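This is the structure I have questions about; it appears just below.
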Amino acid sequence: MHLNLAIDENVDRTALFGMADRHLKLLREMLAVSLSTREGMLRISGEAAAVSRAAAAFAEMQRLVKHHKHLEREQVIAAIRHGMADLEGGRAAGGLDVLAQGQLIVPKTAGQERYLDAIAQHDLVFCHGPAGTGKTFLAVAMAVSMLRRNEIRRLVLVRPAVEAGEKLGFLPGGIEEKVNPYLRPLLDALHDMMPFEQIRRFMTNDIIELAPLAYMRGRTLNEAVIILDEAQNTTPAQMLMFLTRMGERSKMIITGDPSQVDLEAGQESGLINAHRTLGGIKGIAFVTLDKGDIVRHRLVQHIVHAYSERAGK
């Protein structure tokens, strides 16, 4: 197995690799992998389990070096052991056992790490924050990971079709053409993690389902991860309907941005209402990501900040 990992351009490579690459040599010796660096990438080769452990350890080393001028041998050993222990529990160090475009998915901020921990430890998680914070992407990654480990039987991705409301019939084309624009961002996230043919096969076999929120009525979803994206555009009644779809051995993840509500004037957001209504219930996690968790193009963070400043937020 071969895996290419991006080396964070903001870290000191000498501190990360060690003098004369001694930290990389330690990775090779302890995990029996081959390592090479080229054009900002670390290439790891070896048996699948060893490659995954090395990737987890390297992710932890990159996290540590951001807070230390250099890494001691003991810290590198601890990172390797930490990665091995976390992978045995199903997750890479601070991340997942899922690849996106050939790279191991790892949380890039403390907020994202809290988010993944909340998903791992709770059956119902609400996450809100601005665009680019990884709310949807990380939820889909966690669901894909659980699906591959046979912890769930189905993945259901849901979005409200706000602009169409209850009037999908007025749009041209069949139902798939009507709702596709609203579900496309969820499919894009899946495409980063799974081959197209596998996604199509899973959708044909009803293992993966993409559906508009209105199609959730009357259903009970067992042994599934159900993700509701853009939840700020639900009404309280729609949110209640959705939440009561959760069946046995299922997990729900609700994501949204309260600053981007597209409901008609005077309508309360179901996401905001749920935070206020369910905040005291044990077993439900609420995670807030902010501008510091934005991981898209560097300009996105500045754009969100500028608009927030102008709005006085």
Side-chain angles (χ1 to χ4, degrees), residues 56 59-60 63 82-83 85-98 100 104-149 151-152 154-159 185-186 189-190 193 221 223-232 234 239-240 242-259 269-296:
E60 177 68 4
R63 188 188 70 82
H82 179 61
D86 280 349
L87 269 176
E88 288 170 0
R91 288 178 56 199
L96 299 155
D97 56 353
V98 177
L104 187 73
I105 296 174
V106 295
K108 297 182 178 179
T109 70
Q112 289 188 347
E113 191 162 358
R114 289 196 308 272
Y115 181 32
L116 288 179
D117 287 341
I119 295 173
Q121 297 170 20
H122 298 82
D123 289 336
L124 178 55
V125 177
F126 289 83
C127 179
H128 62 80
T133 51
K135 304 182 298 295
T136 304
F137 186 81
L138 291 175
V140 172
M142 182 67 87
V144 168
S145 177
M146 294 179 67
L147 190 63
R148 288 176 174 171
R149 297 198 304 268
E151 294 178 9
I152 55 171
R154 300 188 64 206
L155 168 55
V156 183
L157 304 170
V158 183
R159 256 193 169 206
L186 296 170
L190 269 179
M193 304 170 206
L221 300 167
E223 297 182 78
V225 169
I226 311 106
I227 299 172
L228 174 60
D229 193 35
E230 297 291 335
Q232 76 275 5
T234 64
M239 178 64 76
L240 175 60
F242 176 78
L243 293 175
T244 53
R245 302 308 95 200
M246 184 162 58
E248 294 294 326
R249 298 176 299 283
S250 286
K251 188 184 292 286
M252 276 188 167
I253 308 167
I254 294 95
T255 70
D257 180 357
S259 70
S269 167
L271 179 64
I272 297 172
N273 177 272
H275 200 296
R276 188 166 56 247
T277 304
L278 306 176
I281 298 179
K282 186 177 180 180
I284 300 177
F286 292 88
V287 179
T288 300
L289 301 178
D290 57 30
K291 295 185 289 291
D293 296 302
I294 293 174
V295 294
R296 287 183 185 168

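Just the heavy atoms: all of them, side chains too, but no hydrogens, waters or symmetry mates, feed the values below. All of these numbers come straight from a predicted model, not from anything done at the bench.
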Audit row: V225, V144, side-chain contact (heavy atoms from CB on, under 4.5 Å) steps and yes/no: CA-CA 9 Å; V225 169; V144 168; over 6 Å; no
Pairwise distance CD1(I119) to CE(M146) - rounded to 0.5 angstrom: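 Result: 9.5 Å between the selected atoms.
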Side-chain touch V156/R245, heavy atoms, less than 4.5 angstrom: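 Not touching, per the 4.5 Å side-chain cut-off.
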side-chain contact (heavy atoms from CB on, under 4.5 Å) between H128 and T288, worked out: CA-CA 5 Å; H128 62 80; T288 300; 3.3 Å; yes
N/O donor-acceptor pair under 3.5 Å between S250 side chain and A224 backbone: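 Here the side-chain-to-backbone pair exists.
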Pairwise side-chain contact, D229 with L157, heavy-atom cut-off 4.5 Å (strictly under):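 Answer no - side chains too far apart.
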side-chain contact (heavy atoms from CB on, under 4.5 Å) between T277 and M239, intermediate numbers included: CA-CA 11 Å; T277 304; M239 178 64 76; over 6 Å; no
Donor-acceptor pair, side chain of K135 and main chain of G129, under 3.5 angstrom: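 Looks like yes, one N/O pair under 3.5 Å.
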Side-chain donor/acceptor of K251 to backbone N/O of H122, under 3.5 Å: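 Side chain of K251 to backbone of H122: a pair is present.
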Rounded distance (nearest 0.5 Å) linking atom CG of L124 with atom CG of L278: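 These two atoms lie 7.5 Å from each other.
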Pair H275 and F286, ring centroids less than 6.0 Å apart: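 Ring-ring flag for H275/F286: true, centres closer than 6.0 Å.
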K108, NZ: over 12 other non-hydrogen atoms inside 6.0 angstrom: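 Count not over threshold, so no.
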Rounded distance [0.5 Å steps], CG in L186 versus OG1 in T255: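 The CG atom of L186 sits 8.0 Å away from the OG1 atom of T255.
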Straight-line distance of I226 CD1 to D123 CG, nearest 0.5 Å: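 So the CD1 of I226 and the CG of D123 are separated by 10.0 Å.
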Over 12 foreign heavy atoms within 6.0 Å of CD, E248: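 Incorrect, the count does not exceed 12.
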Contact check, side chains of F242 and T234, non-hydrogen atoms, under 4.5 Å: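 With C-beta onward as the side chain, the pair stays apart.
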4.5 Å side-chain heavy-atom contact, I253 and Y115: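 Sidechains of Y115 and I253: in contact.
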Q232 (side chain) donor-acceptor with D257 (main chain) under 3.5 angstrom: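 Yes; at least one donor-acceptor contact below 3.5 Å.
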Heavy-atom side-chain proximity of L155 to I227 below 4.5 angstrom: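 A side-chain contact under 4.5 Å exists here.
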Donor-acceptor under 3.5 Å (Q112 side chain, T133 main chain):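 Yes, Q112 side chain to T133 backbone: donor-acceptor pair under 3.5 Å.
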